[in-house]
> 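This is the structure I want to talk about, given as C-alpha cells.
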Amino acid sequence: VDHLIYGWAFFGLIVFVMFYIGNKFADPVPATTAIAGAVTGDRQQPWLTFVAAALLPATLLLNQVHGTPTAAAYQLTTLQQSLSESTDNKSLPKFSDASDLVQGQWQDTLFYAAFYQHQHNKELVSWNNKLFQSDIWTPSAKQRLTLKDSGLAVAEVDLRALPDRKRLLWYWYQSAGMQTTDANLATLYQALSKVFGLGSYGGFYAISLEYEGEPAQARLKLEQQLNQLLPLLDQTQSGQAQ
C-alpha cells in the first residue's frame, strides 16, 4: 500500500515538474489567424489535464491513509464448536501471525482456517504461510476445480508422504469479500480494498482427506462434506464490518 501511495505521489510530482520545464522550453506557435489562435489555446490544456489525472489517484490514496477501514469481525464460535480436536496436526497447513485460527476434524476430513484482520506486518499471503508442511508432504499434482452444487472454486493439491500415504487438499482464499484460488489475486484484492476503504480483512480455508487408491472417490467425499460445512463458513463472515 505504501508503494502505491508514495509511488503515485512521486509519479505525479515528477510528471508535473517535467511538463512545467518542458512548457518553458516549448517553441511558440505563431497565432497568425483566429484558427491558429484556437489551436494554440487547445495546446495549453492537455498537460494540465494530464497532471490533474495523474495527481487524482494519489490524492484518493492519501485520503485513505487518514481513514483506515474498520476491521472485519468474524463470528467463529459456531464453527469452532462444530469441529472436534485433530490428532494429525502434521497434515494441516501452517499459517503465521493470523488474527484467529480454527482447525480440527470435520467428519472424515481435516479443516483449517486462518483469519487476518487489518494489522501491520500480518499478511494473508506470505512466504512464511504454508499450504502443507513440506517436511512431511510432497505435491504430486495440482489443479483448479469448480464445485457443481455450490459453485465454489477451489485449488486442489494431491499430496504424498511416506509410507504410501495420500492426501487430497482443497483450499481457497477469501479477501475482502472476494473468493479466489490465486494467492496473487488475494493480495491484490486485499491491497485495493485497504486503499479504497472497502475493508481490509481476509481468510484462508483448507479441507483435506487422506485416501487410498484413486482420488476420484476422495474428491466426491470432500465435496459432500464441504457442502455441509459451507453454511458454517458463511456464518463466520456475518459480522464483518465495512
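Just so you know, these numbers use all the heavy atoms, side chains as well, and skip hydrogens, waters and symmetry mates.
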> More than 12 heavy atoms of other residues, nucleotides or ligands under 6.0 Å from CD of Q228: yes or no?
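Counting neighbours around CD of Q228, more than 12 heavy atoms of other residues, nucleotides or ligands fall under 6.0 Å, so yes.
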
> Among side-chain atoms of Q143 and E156, is any donor-acceptor pair under 3.5 angstrom?
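Indeed, the side chains of Q143 and E156 share at least one donor-acceptor pair under 3.5 Å.
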
> Given the rule in the side chain to side chain donor-acceptor pair (under 3.5 Å) test, do D158 and Y211 qualify, once you have shown the distances and angles that lead to the verdict?
CA-CA 10 Å; D158 200 354; Y211 71 97; 2.8 Å; yes

> State plainly whether the residues E212 and K166 are in salt-bridge range, i.e. N to O under 4.0 Å.
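Judged by the 4.0 Å cut-off on N to carboxylate O distance, E212 and K166 do not form a salt bridge.
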
> One thing to verify: whether K221 and D108 come together as a salt bridge, which I'm taking to mean a side-chain N less than 4.0 angstrom from a carboxylate O.
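Salt bridge between D108 and K221, a charged N being under 4.0 Å from a carboxylate O: yes.
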
> If you measure from the Lys or Arg side-chain nitrogens to the Asp or Glu carboxylate oxygens, is any gap between R167 and D88 under 4.0 Å?
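Here R167 pairs with D88 in a salt bridge, since their nearest N and O are under 4.0 Å apart.
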
> Under 4.5 Å between any side-chain heavy atoms of L226 and L152, yes or no?
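Yes, their side chains come closer than 4.5 Å.
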
> Looking at D164, I'd like to know if its CG atom is crowded, meaning that more than 12 non-hydrogen atoms belonging to other residues, nucleotides or ligands lie closer than 6.0 Å.
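Open.
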
> Answer whether the closest heavy-atom distance between the side chains of W137 and S91 falls below 4.5 Å.
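With C-beta onward as the side chain, the pair touches.
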
> Quick one: which of V154, L110, L169, T109 gives a side-chain contact (heavy atoms from CB on, under 4.5 Å) with I207?
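Exactly one pass, corresponding to T109.
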
> L230, L76: one ILVMFWY side-chain cluster at the under-4.5 Å cut-off?
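Same cluster.
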
> State, yes or no, whether a side-chain contact exists between Y20 and V15 at a heavy-atom distance under 4.5 Å.
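No. Closest side-chain heavy atoms not under 4.5 Å.
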
> Please examine the side chains of P93 and K130, heavy atoms only from C-beta on, and report whether any two atoms are closer than 4.5 Å.
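Not touching, per the 4.5 Å side-chain cut-off.
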
> Hey, could you give me the OG/CD distance between S86 and Q105, rounded to the nearest 0.5 Å?
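So the OG of S86 and the CD of Q105 are separated by 6.0 Å.
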
> What is the minimum heavy-atom distance between L92 and F111, and which atoms define it?
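Taking every non-hydrogen atom into account, CD2-O, 3.9 Å.
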
> Between K148 and E223 (salt bridge meaning N to carboxylate O under 4.0 Å), is one present in this structure?
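No salt bridge links K148 with E223.
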
> Should the pair D135-K94 be classified as a salt bridge under the 4.0 Å nitrogen-to-oxygen rule?
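Salt bridge: no.
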
> Just so I know, are the side chains of L159 and I136 near enough to count as touching, which here means a heavy-atom distance under 4.5 Å?
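Side chain of L159 against side chain of I136, heavy atoms only: no contact under 4.5 Å found.
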
> Report the residue from W106, F115, F95 that forms a ring-ring contact (aromatic ring centres under 6.0 Å, His included) with Y205.
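The residue from W106, F115, F95 that satisfies ring-ring contact (aromatic ring centres under 6.0 Å, His included) with Y205 turns out to be F115.
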
> Step by step, work out the side-chain contact (heavy atoms from CB on, under 4.5 Å) result for Y112 and F204.
CA-CA 8 Å; Y112 184 93; F204 168 83; 4.1 Å; yes

